Protein chains: 2
Amino acid sequence: MAGLSLRKVAAALDTGAASLYVYVANLDELHALVLDRVLGEVVTPPQQDGDWRSRLKAALRSYSEALYARPGLAQVALSTIPSGPNMVELTECLLDLLQQGGMELDRAAWAVDLLLLHTSAFAAERDNRRGDDKVALRRAQEALGSVSPEKHPHIHALGAELFSGEQSRYDWALDVLINGVLNTPRP
Amino acid sequence: MAGLSLRKVAAALDTGAASLYVYVANLDELHALVLDRVLGEVVTPPQQDGDWRSRLKAALRSYSEALYARPGLAQVALSTIPSGPNMVELTECLLDLLQQGGMELDRAAWAVDLLLLHTSAFAAERDNRRGDDKVALRRAQEALGSVSPEKHPHIHALGAELFSGEQSRYDWALDVLINGVLNTPRP
DNA sequence: TGTTCTTGACAAACAGTGTTCGTTAGCTAT
DNA sequence: ATAGCTAACGAACACTGTTTGTCAAGAACA
């Protein structure tokens with residue numbers, strides 16, 4: 001996905017780049033199509049597997065992994081307003097799970113939006129932390145590590161803690177969102 | 001920011017593109033520098049203005065507006081691991097606010113990360129909804145509006161509700177995050 | 001059968017992009 | 001005076017998405 005271009009797609013199809021414009025209006029549209037195709041892989045656990053909360057978490061984790069598996073795809077999820085059939089399917093499933101948790105439908109609508117936005121953003125962050133630019137990461141760690149204890153006591157006290165946790169941090173964030181959504185009625 | 005290129009920057013400085021590489025290693029590095037400079041505009045409310053919660057929300061809203069004011073900048077915030085002085089300042093301020101709310105420092109570290117990630121993602125979403133591609137938005141609205149009531153009853157029942165709320169939705173999401181963070185201890 | 005009309009396909013060109021290379025000018029230190 | 005270093009710059013490389021004009025095949029209609 002990162003490094004995908006119309007010319008490469010065309011070459012793989014043994015044709016020229018301009019020929020693709022018959023089927024696709026735009027590069028962005030191609031991106032959206034690829035995204036929705038990948039979203040077809042997202043598995044939503046069946047009804048009898050655990051309670052709604054763990055099923056919701058499993059579905060979102062599956063969504064996150066599908067995005068993370070293709071470098072650059074998470075950015076696409078943040079750059080387009082997805083409306084493909086697989087995205088509709090997933091949205092409907094998440095709405096259903098939240099309603100099983102006793103949530104009103106209008107609040108569930110905003111909650112699904114929030115959960116998907118966060119999961120996409122998290123996948124994107126994980127994505128561009130890997131490989132891409134080890135230099136920037138090391139520079140950031142140094143910049144935050146060697147900070148004056150007087151001016152920034154909290155950051156100094158935390159140290160490397162600011163970059164800790166990969167999977168556990170995602171799990172925690174998901175719990176934060178679900179708890180928050182349950183405890184915050186819509187205005 | 002969208003449409004910013006090394007050549008245009010160089011032209012504005014009456015020089016060639018290659019000359020910029022003396023001061024900047026990369027386009028990404030230039031982006032990071034621009035981001036941190038803009039982050040200097042973020043206002044963090046003084047100690048005596050209201051309680052910690054409303055001050056936290058005001059600071060994050062200021063961060064969000066600073067990103068949204070420049071098209072494309074929110075994407076930059078999601079694509080880099082920011083480590084400039086202004087970002088350090090903001091992080092320290094947010095950590096302090098959360099600690100005033102009685103939160104342990106290690107939980108506050110993850111909370112700040114989550115709050116900033118969400119706010120950046122929200123700004124990015126708002127950003128590419130505007131102007132950019134009205135076609136995609138209308139297509140999404142049509143795709144979700146004309147969905148079969150049998151296969152996707154929840155989405156059908158919601159209708160245009162899925163795209164409602166701009167400012168109120170952000171305020172709600174912020175409350176969700178703060179409530180969630182307060183109610184979810186670190187593992 | 002002959003003639004339009006439409007659709008898919010493609011090469012070439014346009015207007016850009018980030019980045020690298022080789023070379024110059026100016027300013028110190030030795 | 002010589003050497004070394006830094007900033008600067010033009011040109012080129014290897015790409016990118018998109019538009020334009022042209023061409024062939026098939027369908028619809030007379």
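Because the structure is a prediction, the values reported are computed rather than measured. Order of the sequence lines fixes the chain letters, A, B, ..., with proteins taken first and strands second; residue numbering starts at 1 for each chain.
For the pair B/E104 and B/R186, the salt-bridge criterion is not met [side-chain N within less than 4.0 Å of a carboxylate O]. A salt bridge is absent between B/K57 and B/D51; no separation between the charged side-chain nitrogens and carboxylate oxygens falls under 4.0 Å. With salt bridges taken as basic N to acidic carboxylate O contacts below 4.0 Å, none links B/R130 and B/E125.
Residue whose closest nucleotide on DNA chain D sits further toward the 5' end, between A/A17 and B/G16: B/G16. With DNA chain D read from its 5' end, the first of the two nearest nucleotides for A/K8 and A/A18 is the one closest to A/K8.
Rounded to a whole Å, the CG atom of A/L27 is 15 Å from the C1' atom of D/dT19. With rounding to whole Å, A/L6 atom CG is found 19 Å from C/dA12 atom P. Rounding to whole angstrom units, CG of residue B/L13 and C1' of D/dA7 are separated by 14 Å. With rounding to whole Å, B/N26 atom CG is found 14 Å from C/dT17 atom C1'. Note: CG (A/L20) to P (C/dC10) measures 9 Å, nearest angstrom.
Side-chain N or O atoms of B/S62 include none that pairs as donor or acceptor with a backbone N or O of B/A58 at under 3.5 Å.
Between the base of C/dG16 and the side chain of B/R7 there is no donor-acceptor pair shorter than 3.5 Å.
One finds a side-chain N or O of A/S5 lying less than 4.0 angstrom from the OP1 or OP2 phosphate oxygen of D/dT16. Listed pair B/Y21 / C/dT20 fails the phosphate criterion, with no side-chain N or O lying under 4.0 Å from OP1 or OP2.
Checked against D/dC9, D/dA7, D/dT18, the side chain of B/V22 finds its nearest nucleotide in D/dA7.
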